[in-house]
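First comes the structure, then the notes that go with it.
Quick caveat, the model's predicted, so the values are computed rather than measured. What you see below is based on every heavy atom in this structure, not just the backbone, and it leaves out hydrogens, waters and symmetry mates.
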Amino acid sequence: MIIKYDFLSELAGEMTEIEVDDELGKIVKEIEKNERKNDRTETRRHKYLSELEEQGYYIADDNDTFEEDVRSVQYKKLMTAIKELQPQQQELLFRVYWKKEKQKKIAAEEGVSEMAISNRMKKIIKKLKKFFE
């Protein structure tokens, strides 16, 4: 059996032929076949990062540190602003945004109208916005 190799030749693209017995030739052909099969399988497993991001996955890189720093500063500023609110305002903000309670439920518990709770929230948000100006 004759086996052709291009890596044995001195010139790129030139094929070298080697004569081997049939049994060894079958083994070499089987190995080459398995290598090609593995290469195809490996290339199918690869995913582009853009594909992952489109699917909702996000992979952070070193360039994200600036954005993280900005978010961190904004978070600290927000927490400082919340600490400046009155305790009742902090509690209302906590219930609406963190506990996800409906203003209607809060109004019923406090014995006030839903509009009163809505107005309180507007005042709280206005105070927080001023802090960021």
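Residue I27 holds its CD1 atom at 11.5 Å from CG of D22, rounded to the nearest 0.5 Å. Interatomic distance, L78 CG to Q74 CD, rounded to the nearest 0.5 Å: 9.0 Å. Atom CD in Q88 sits 5.0 Å away from atom CD in Q86 (nearest 0.5 Å).
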Give every donor-acceptor pair under 3.5 Å between a side-chain atom in residues 121-133 and any protein atom, sequence neighbours left out.
from, atom 1, to, atom 2, distance (Å)
K127, NZ, Q89, OE1, 3.4

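Closest approach of L92 to R120, counting heavy atoms only: CD2-CB, 3.6 Å. When every heavy atom of L93 is checked against every heavy atom of W98, the shortest pair comes out as O-CE3, 3.7 Å.
Hydrophobic cluster membership is shared by Y75 and L85, with clusters built from Ile, Leu, Val, Met, Phe, Trp and Tyr side chains linked at under 4.5 angstrom.
Considering only residues two or more places apart in sequence or on other chains, E114 meets the side chain to side chain donor-acceptor pair (under 3.5 Å) condition with none of them. In terms of the salt bridge (charged side-chain N to carboxylate O under 4.0 Å, His left out) criterion, residue partners of E109 (sequence neighbours excluded) are, by chain and number, R95, K105.
Judged by distance alone, the side chain of Q103 and the main-chain N or O of I117 form no donor-acceptor pair under 3.5 Å.
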